[in-house]
Engineer: 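Can you keep this structure in mind? I'll have questions shortly.
Being a predicted model, the structure only gives us computed values, none of them experimental.
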Amino acid sequence: MTANPIAETVASLMPRAKAELAELVAFESVADPAVAPRSECEAAAGWVADALRSEGFRDVALLDTPDGSQSVYGFLPGPEGAPTVLLYAHYDVQPKLDESAWVSPPFELTERDGRWYGRGAADCKGGFIMHLLALRALRANGGVPVSVKVIVEGSEEQGTGGLERYAEAHPDLLAADAIVIGDAGNFRVGVPTVTATLRGMTTVRVTVDTLEGNLHSGQFGGAAPDALAALIRVLDSLRAEDGSTVVEGLDADAAWEGIQYPEADFRKDARVLDGVDLIGRGTVADRIWARPAVTVVGIDCSPVAGAAPSVPASARAQISLRVPPGQDAAEATKLLFAHIEKHTPWNARVSVEQVGQGQPFLADAGSPAYTAMADAMRIAYPGQEMQTAGMGGSIPLCNTLSELYPSAEILLIGLSEPDARIHAVNESVSPEELERLSVAEAHFLVNYARSRRA
């Protein structure tokens, strides 16, 4: 990394950053009381609020949002007449999943093979630490040249929309000239990247009922309608023979025109087993950034352990549908409901419940803020040009912010590159990426302030 005062300061702060990230990762802040105690999220929110206060932020507050979660807000005034930049992260995390599959405890930050492992290390507790590092480096080198608002969400992973609804009810709170969403990631380690598109999301639960109760499969099987078999038929109808998503009425043929994702690289990043085919058609970039994708994320029925020879009376599944830019998530939800109802066999009783929804997002990659970030990335990643990519995941708040503040420029950066394995076991963050992106964000704030004065 080319020597400069900001980079040198960030480097000196990395041991502190590791210690703070370890403290934050230790909270099992899953925003689902069925998975983790609410007190874990409350403690994480309190930690974030204390960190902002220690950095001189004013008006630090725990915001009680409509979905029952808490978001953390703070304001750091800059020089008179300076633009305002909003920095976003979230402290809630995905569940640990199979704890036995973690090499080290999921809520204990552990260094191994040059990476820091722990749930939320990259997604997105590390994003909050990145913001702190950038601001500390600026304060040590002449001061922060912009006014800064920080918002750290408490239920992003659940997609329940608490912060979106709160922002809509308090439209002045998060108003800014530029917004940096610290919840994306580089295309891969060492490749500086901004994310220009996000797929939206709709999540539904499907329940199929066929009998008043389970029946002996020897006495009734063959004529009694099997609820699990009916559900399997429904789920299978959502994919074509090649694995492409099929929801009647939903376009699944769009193409991605930006940076491409070589299939061999994707197979390695996704850890696809030898001999197993990828699903879908078109380029990998088409499939993960430009087209809808359905995933069955959970099924409730009789477990294999202790299973009895009986015909299931009821079965339930949770389905996630990713919705690409250019399509409306609400309309996609209606089409998904209709598809499920149409493809439920044997006149089985089916009910569909919406769990969460977020719209896709398309940024203006030609804005002055993107130019400022590109210049900053060149400093943080010498010899590299900033790349623009898509992301298959969803950040519903982006659309809310773009609707509330149509003149604000929104950029997405972050620590969730492929090796981070976010949402999976053994999630980790690259400390080198944390360092470089903190340097980039600090220089972006300097560049952006300068561009607004010009």
Engineer: What pair of heavy atoms forms the shortest contact from His339 to Ser237, and how long is it?
Structural biologist: NE2-OG, 3.0 Å
Engineer: Please determine whether a side-chain nitrogen of the Lys or Arg among Glu40 and Lys96 lies less than 4.0 Å from a carboxylate oxygen of the Asp or Glu.
Structural biologist: no
Engineer: Run the side chain to side chain contact (heavy atoms under 4.5 Å, CB included) test against Leu76 and tell me which residues pass, sequence neighbours left out.
Structural biologist: Phe57, Val144, Val148
Engineer: Between Glu164 and Thr400, is any side-chain donor less than 3.5 angstrom from a side-chain acceptor?
Structural biologist: no
Engineer: How many angstroms lie between CD in Glu157 and CD in Gln94, if you round to the nearest 0.5 Å?
Structural biologist: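 Atom-to-atom, Glu157:CD and Gln94:CD are 4.5 Å apart.
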Engineer: Mind checking the CZ-CG spacing from Arg139 to Asn141? Nearest 0.5 Å is all I need.
Structural biologist: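 Here the rounded value is 12.0 Å.
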Engineer: Would you please name every residue forming a side chain to side chain contact (heavy atoms under 4.5 Å, CB included) with Asp286, sequence neighbours left out?
Structural biologist: Ala255, Trp256, Thr283, Arg291
Engineer: So, do Val323 and Thr333 sit near enough that their side-chain heavy atoms are less than 4.5 Å apart?
Structural biologist: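 They are not in side-chain contact.
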Engineer: Do Tyr261 and Asp269 meet the criterion of a side-chain donor-acceptor pair at a distance under 3.5 Å?
Structural biologist: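 Judged by distance alone, the side chains do pair up.
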Engineer: Shortest non-hydrogen contact from Thr388 to Ala196?
Structural biologist: CG2-CB, 3.4 Å
Engineer: Of all heavy-atom pairs between Ala332 and Leu250, which one has the smallest distance, and what is that distance?
Structural biologist: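 The answer is CB-CD1, 4.0 Å.
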Engineer: Over all heavy atoms of both residues, which pair between Ser438 and Val10 is shortest? Give the atoms and the distance, please.
Structural biologist: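 Closest pair (atom of Ser438, atom of Val10, distance): CB-CG1, 4.1 Å.
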Engineer: Hey, could you give me the CD1/CG distance between Ile151 and Leu174, rounded to the nearest 0.5 Å?
Structural biologist: 5.0 Å
Engineer: Kindly indicate, with the supporting measurements, whether the criterion side-chain contact (heavy atoms from CB on, under 4.5 Å) is fulfilled by Tyr405 and Leu86.
Structural biologist: CA-CA 12 Å; Tyr405 320 116; Leu86 175 68; 5.7 Å; no
Engineer: Determine whether a donor-acceptor pair (N or O, by modelled atom type, separation under 3.5 Å) exists between the side chain of Gln359 and the backbone of Asn399.
Structural biologist: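 The answer is no, because no donor-acceptor pair under 3.5 Å joins these two groups.
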Engineer: Do the side chains of Lys268 and Asp265 get close enough for a salt bridge, i.e. N-O under 4.0 angstrom?
Structural biologist: no
Engineer: Using the side-chain contact (heavy atoms from CB on, under 4.5 Å) definition, which of the options Val150, Leu87, Asp183, Leu21 pairs with Phe128?
Structural biologist: Val150
Engineer: Taking the side chain as every heavy atom from C-beta outward, state whether Glu99 and Pro106 have any pair of such atoms under 4.5 Å apart.
Structural biologist: yes
Engineer: Evaluate Asp32 against Asp92 for side-chain contact (heavy atoms from CB on, under 4.5 Å), listing each step before the verdict.
Structural biologist: CA-CA 10 Å; Asp32 182 349; Asp92 71 302; over 6 Å; no
Engineer: Just by modelled atom types, is the Gly282 backbone N or O under 3.5 Å from a matching donor or acceptor in the Arg287 side chain?
Structural biologist: yes
Engineer: Under 3.5 Å, is there a donor-acceptor pair between the side chain of Asp177 and the main chain of Thr84?
Structural biologist: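 Such a contact is found between Asp177 side chain and Thr84 backbone.
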Engineer: Can a salt bridge be assigned to the pair Glu42 and Arg38 using a cut-off of 4.0 Å between side-chain N and carboxylate O?
Structural biologist: yes
Engineer: How long is the span from the CZ atom in Arg119 to the CH2 atom in Trp102, to the nearest 0.5 Å?
Structural biologist: 4.0 Å
Engineer: Does a side-chain heavy-atom distance below 4.5 Å link Ile279 with Asp242?
Structural biologist: no
Engineer: Does Tyr91 reach the main-chain N or O of Ser71 with its side chain, forming a donor-acceptor pair under 3.5 Å?
Structural biologist: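 A pair under 3.5 Å: no.
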Engineer: Do the rings of Tyr88 and His90 sit parallel, tilted or perpendicular, given the 30° and 60° boundaries?
Structural biologist: tilted
Engineer: Could you check if a side-chain atom of Arg378 sits within less than 4.5 angstrom of a side-chain atom of Glu385, using non-hydrogen atoms only?
Structural biologist: yes
Engineer: List the atom of Ala376, the atom of Ala440, and the distance in Å for their closest heavy-atom pair.
Structural biologist: CB-O, 3.2 Å
Engineer: What heavy-atom pair brings Ile410 and Ala363 nearest, and what distance separates the two atoms?
Structural biologist: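 Where Ile410 meets Ala363 most closely, the heavy atoms are O-CB, 3.9 Å.
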Engineer: Check the pair Glu168, Arg165 against side-chain contact (heavy atoms from CB on, under 4.5 Å), reporting the backbone distance first and the verdict last.
Structural biologist: CA-CA 5 Å; Glu168 289 166 350; Arg165 304 293 84 76; 2.9 Å; yes
Engineer: Checking Glu20 against Arg16 for the salt bridge (Lys or Arg N to Asp or Glu O under 4.0 Å) test, could you report, in this order, the C-alpha distance in whole Å, the side-chain angles of both residues, the deciding distance, and whether it holds?
Structural biologist: CA-CA 6 Å; Glu20 290 178 324; Arg16 179 182 177 185; 3.4 Å; yes
Engineer: Return yes if a side-chain donor-acceptor contact under 3.5 Å exists between Glu433 and Asn186, otherwise no.
Structural biologist: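 Present: a donor and an acceptor within the cut-off.
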Engineer: Which distance, rounded to the nearest 0.5 Å, do you find between the CZ of Arg322 and the OG1 of Thr202?
Structural biologist: 10.5 Å
Engineer: Checking Asp300 now: which residues fulfil side chain to side chain contact (heavy atoms under 4.5 Å, CB included) with it, not counting sequence neighbours?
Structural biologist: Arg316
Engineer: Verify, without hydrogens or angle tests, whether Lys149 (side chain) and Leu173 (backbone) share a donor-acceptor contact under 3.5 angstrom.
Structural biologist: yes
Engineer: So does Pro292 get a backbone contact from the side chain of Arg199, meaning a donor-acceptor N/O pair under 3.5 Å?
Structural biologist: no
Engineer: State whether the side chain of Thr193 and the backbone N or O of Val191 hold a donor-acceptor pair below 3.5 Å, judged by distance alone.
Structural biologist: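 Pair found, side chain donor or acceptor close to backbone of Val191.
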Engineer: Looking at side-chain heavy atoms only, is the closest gap between Leu415 and Ile422 below 4.5 Å?
Structural biologist: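 Not in contact.
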Engineer: Can you find a pair of side-chain heavy atoms, one from Val103 and one from Thr110, that are under 4.5 Å apart?
Structural biologist: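 Not in contact.
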Engineer: Would Thr160 and Thr65 count as a side-chain contact (heavy atoms from CB on, under 4.5 Å) if you check the C-alpha gap in whole Å, the side-chain angles of each, and the deciding distance to 0.1 Å?
Structural biologist: CA-CA 10 Å; Thr160 46; Thr65 68; over 6 Å; no
Engineer: Should Val247 and Val294 count as side-chain neighbours, where that means a heavy-atom distance under 4.5 Å?
Structural biologist: no
Engineer: Are Ile181 and Cys398 close enough that some pair of their side-chain heavy atoms sits under 4.5 Å apart?
Structural biologist: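 Yes - at least one pair of side-chain heavy atoms lies under 4.5 Å apart.
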Engineer: Regarding Ser430 and Asp419, do their side chains bring together a donor and an acceptor under 3.5 Å, going by distance alone?
Structural biologist: no
Engineer: Quick check on side-chain contact (heavy atoms from CB on, under 4.5 Å): which of Thr245, Val204, Thr203 does Leu321 satisfy it with?
Structural biologist: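 Output: one option passes, namely Thr245.
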Engineer: What's the spacing between Trp289 CH2 and Thr197 OG1 if we round to 0.5 Å?
Structural biologist: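 Output value for this atom pair is 8.0 Å.
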Engineer: Using modelled atom types only, decide if a donor and an acceptor are shared between the side chain of Glu427 and the backbone of Gly120 within a distance under 3.5 Å.
Structural biologist: yes
